[in-house]
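Reviewing the structure listed below.
Per chain, numbering begins at 1; letters A, B, ... match sequence-line order.
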Protein chains: 2
Amino acid sequence: MLNFSTSEENYIKTIFHLQNGQNTVTTNELAERLRTKPASVTDMMKKLKAKKLLHYQPYQGFRLTNEGKKVALDIIRRHRLWEFFLAEKLKFKWDEVHVVAEDLEHVSSRKLIDKLDEYLGYPKFDPHGDPIPDSLGKMENSEQVSLVELPLNKPAEVCRVVNQSEEMLELLQHKKINIGTRLEVKRKFGFDHSIEIKLRQSKRTPSEQPPFSISEQLAKNIFVNL
Amino acid sequence: MLNFSTSEENYIKTIFHLQNGQNTVTTNELAERLRTKPASVTDMMKKLKAKKLLHYQPYQGFRLTNEGKKVALDIIRRHRLWEFFLAEKLKFKWDEVHVVAEDLEHVSSRKLIDKLDEYLGYPKFDPHGDPIPDSLGKMENSEQVSLVELPLNKPAEVCRVVNQSEEMLELLQHKKINIGTRLEVKRKFGFDHSIEIKLRQSKRTPSEQPPFSISEQLAKNIFVNL
DNA sequence: TTAATTTTTTAGATTTGTCTAAAATTTAAT
DNA sequence: ATTAAATTTTAGACAAATCTAAAAAATTAA
């Protein structure tokens with residue numbers, strides 16, 4: 001993984017948090033969160049796009065690429081491990097750890113962080129209760145829910161399918177659903193135990209597709225990240 | 001204490017090390033050590049002079065002010081505490097700690113460093129055997145030696161006088177020697193147990209003074225920092 | 001003590017990250 | 001469907017830290 005400036009890292013991390021399930025992040029949102037100006041955000045978005053860390057078309061908002069998400073998770077891992085260290089070992093109060101970790105997270109020695117993780121006993125949650133990504137970017141329940149539990153109109157990304165029945169495979173194939181496909185639930189029908197789903201546009205499916213319904217049985221076995 | 005950029009801190013720290021007893025540091029020396037260009041050094045020296053961290057007149061070399069030394073000691077404290085932490089707690093090998101500490105030292109939360117110090121049990125030396133300054137900038141024997149042990153022609157700074165006899169007071173007064181006076185030993189005479197000393201020029205004594213001799217008896221009680 | 005050499009400084013350019021003000025585009029409202 | 005309002009981008013400027021090339025000062029040597 002390449003090396004990024006403190007400023008780039010702050011942008012990446014913040015986009016990751018704002019993105020949280022949502023489709024895209026807007027210029028103003030990001031500017032406000034980073035206490036900077038929209039023009040500065042646009043500049044940085046061009047740079048991060050050039051580095052292939054995010055998808056960005058002028059006026060269309062932005063979204064991290066998979067590579068961008070990996071980088072974000074690595075920064076968040078560093079941040080939360082330091083928070084844990086500060087609270088657990090240095091006896092900082094839990095509300096004091098964040099600001100200090102904001103600085104420490106930018107020290108990006110891989111070996112340092114992995115050894116720190118080991119020293120701390122591979123903690124799973126930071127002092128705020130947020131999950132700490134492991135060295136592969138995986139973390140305890142990254143808000144993984146099945147499609148039937150997903151709130152209406154909340155955009156999410158398919159991350160796991162726990163049933164490999166023929167019916168399921170046919171559905172996935174026919175509707176072009178893969179790991180990473182973004183979608184949302186539009187309606188839930190009680191009378192026939194089905195839910196209505198709408199895929200969100202992507203590079204592969206640039207045209208808007210009509211919503212369709214699937215059975216609760218199948219939906220139960222499809223998991224998404226918020 | 002004010003806050004300095006990573007770059008400023010690296011300059012300050014490096015000047016402190018190069019200065020080590022010596023009178024002044026030159027532009028080329030500093031440029032070489034920092035792997036930068038002389039022109040960049042000159043630029044930074046102007047900035048640090050404006051911040052009153054060093055004495056500097058064009059073409060005359062530079063020397064940290066007392067304030068500059070305080071800042072340097074604080075950076076060195078941070079560096080060596082992190083080195084100790086990395087070796088002692090994270091089990092880094094002693095030759096791996098330096099590069100990582102180079103980054104960590106610039107995280108300048110006072111509270112972080114004092115709590116880290118406490119957590120580590122107030123260590124006195126880092127893994128390389130270098131002394132760690134305490135929160136007031138004091139450190140274990142910062143190469144304090146008496147004048148009789150000082151190598152010839154090695155510039156040093158008077159830091160302690162352990163004998164308050166009338167003879168001593170008269171000497172100090174007459175020759176205008178104070179804590180902080182810079183001097184070097186030019187010759188040692190065995191036949192009458194005396195040593196020849198030369199004061200170095202300073203703002204207070206801008207003109208070159210001739211060397212003079214003092215007895216080993218007195219010299220034993222005058223301590224200097226290298 | 002001049003001349004040659006080395007060291008240091010100045011002048012002007014570059015990169016990164018930021019800003020303001022104005023222009024372009026999208027969204028909302030009548 | 002226009003117009004008005006909000007959002008986003010562009011253009012141009014600035015500060016920090018760096019560089020190269022040239023000028024100035026100090027040092028060394030003939």
Side-chain angles (χ1 to χ4, degrees), chain A residues 2-15 18-19 22-64 68 71 75 102-103 105-106 108 153 200-201 206 208, chain B residues 2-15 18-19 22-63 71 75 102-103 105-106 108 201 206 208:
Chain A
L2 289 167
N3 232 29
F4 302 100
S5 72
T6 294
S7 190
E8 289 172 323
E9 289 194 343
N10 283 331
Y11 276 93
I12 294 165
K13 185 185 59 168
T14 306
I15 293 169
L18 288 173
Q19 199 172 288
Q22 228 126 6
N23 209 15
T24 58
V25 178
T26 68
T27 304
N28 272 358
E29 268 180 307
L30 192 47
E32 190 182 6
R33 185 67 81 92
L34 289 171
R35 288 135 155 280
T36 181
K37 296 290 181 274
S40 309
V41 170
T42 300
D43 286 347
M44 185 59 91
M45 292 309 98
K46 288 182 192 162
K47 195 190 304 181
L48 295 182
K49 182 189 179 173
K51 294 189 177 186
K52 297 192 191 297
L53 295 174
L54 49 78
H55 301 293
Y56 165 59
Q57 288 305 121
Y59 297 100
Q60 302 302 135
F62 17 83
R63 230 176 58 240
L64 292 176
V71 174
I75 300 163
E102 285 289 295
D103 284 338
E105 72 185 7
H106 301 295
S108 60
N153 298 310
R200 298 184 71 97
Q201 294 168 241
E208 178 140 341
Chain B
L2 289 168
N3 231 32
F4 302 100
S5 73
T6 294
S7 190
E8 288 172 323
E9 290 194 343
N10 283 331
Y11 276 93
I12 294 165
K13 186 185 57 168
T14 306
I15 293 169
L18 287 174
Q19 199 172 290
Q22 226 127 4
N23 210 15
T24 58
V25 178
T26 68
T27 304
N28 272 359
E29 268 180 306
L30 191 47
E32 190 181 6
R33 185 67 82 91
L34 288 170
R35 289 132 154 278
T36 182
K37 297 289 180 275
S40 309
V41 170
T42 301
D43 285 347
M44 184 60 90
M45 293 309 97
K46 287 182 193 162
K47 197 190 303 181
L48 295 182
K49 183 188 179 175
K51 294 189 178 186
K52 299 190 190 297
L53 295 174
L54 49 78
H55 301 293
Y56 164 61
Q57 288 306 121
Y59 297 100
Q60 302 302 136
F62 17 84
R63 229 175 58 241
V71 174
I75 300 162
E102 284 289 295
D103 283 338
E105 73 184 8
H106 301 295
S108 60
Q201 296 168 241
E208 180 140 340

Distance in angstrom units between [X] [atom1] and [N] [atom2], rounded:
{"X": "Lys37(B)", "N": "dA22(D)", "atom1": "NZ", "atom2": "P", "answer": "16 Å"}
{"X": "Arg35(A)", "N": "dC19(C)", "atom1": "CZ", "atom2": "P", "answer": "12 Å"}
{"X": "Asn10(A)", "N": "dT18(C)", "atom1": "CG", "atom2": "C1'", "answer": "14 Å"}
{"X": "Glu8(B)", "N": "dA15(D)", "atom1": "CD", "atom2": "P", "answer": "16 Å"}
{"X": "Met44(A)", "N": "dT15(C)", "atom1": "CE", "atom2": "P", "answer": "16 Å"}
{"X": "Glu32(B)", "N": "dT8(C)", "atom1": "CD", "atom2": "C1'", "answer": "15 Å"}

Checklist entry - Are any of Thr36(B)'s side-chain N or O atoms less than 4.0 Å away from OP1 or OP2 of dC19(D)? => result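 Yes, because at least one side-chain N or O of Thr36(B) sits under 4.0 Å from OP1 or OP2 of dC19(D).
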
Checklist entry - Quick one: is Ser7(A) getting a side-chain N or O under 4.0 Å of the dT18(C) phosphate, OP1 or OP2? => result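 Yes, within the criterion.
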
Grab the N/O contacts between the protein and nucleotides 4-10 of chain D below 3.5 Å, and write none if there aren't any.
{"unit_1": "dT8(D)", "atom_1": "OP2", "unit_2": "Asn28(A)", "atom_2": "N", "d": "2.8"}
{"unit_1": "dT8(D)", "atom_1": "OP2", "unit_2": "Asn28(A)", "atom_2": "OD1", "d": "3.4"}
{"unit_1": "dT8(D)", "atom_1": "OP2", "unit_2": "Asn28(A)", "atom_2": "ND2", "d": "3.4"}
{"unit_1": "dT9(D)", "atom_1": "OP1", "unit_2": "Tyr56(A)", "atom_2": "OH", "d": "2.6"}
{"unit_1": "dT9(D)", "atom_1": "OP1", "unit_2": "Tyr59(A)", "atom_2": "N", "d": "2.9"}
{"unit_1": "dT9(D)", "atom_1": "OP2", "unit_2": "Thr27(A)", "atom_2": "OG1", "d": "3.0"}
{"unit_1": "dT9(D)", "atom_1": "OP2", "unit_2": "Thr42(A)", "atom_2": "OG1", "d": "2.8"}
{"unit_1": "dT9(D)", "atom_1": "O4'", "unit_2": "Tyr59(A)", "atom_2": "OH", "d": "3.4"}
{"unit_1": "dT10(D)", "atom_1": "OP2", "unit_2": "Lys46(A)", "atom_2": "NZ", "d": "2.8"}

Checklist entry - Between the main-chain N or O of Leu18(A) and the side-chain N or O of Glu29(A), is there a donor-acceptor pair closer than 3.5 Å? => result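 Absent.
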
Item to check | Flag side-chain contact, heavy atom, 4.5 Å: Val25(A) against Met45(A) | outcome: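 Sidechains of Met45(A) and Val25(A): no contact.
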
Checklist entry - Considering only heavy atoms from C-beta outward, does the side chain of Glu8(B) approach that of Leu53(B) to under 4.5 Å? => result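 The answer is no; the side chains never approach within 4.5 Å.
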
Checklist entry - Have His106(A) and Asp103(B) got a donor and an acceptor in their side chains that come within less than 3.5 Å? => result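 No.
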
Checklist entry - What pairs with Thr27(B) under side chain to side chain contact (heavy atoms under 4.5 Å, CB included), at least two apart in sequence or on another chain? => result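 Checked Thr27(B) against side chain to side chain contact (heavy atoms under 4.5 Å, CB included); matches are Pro38(B), Val41(B), Thr42(B), Phe62(B).
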
Checklist entry - Can you list the steps and then say if Asn10(A) with Glu105(A) is a side-chain contact (heavy atoms from CB on, under 4.5 Å)? => result CA-CA 10 Å; Asn10(A) 283 331; Glu105(A) 72 185 7; 3.6 Å; yes

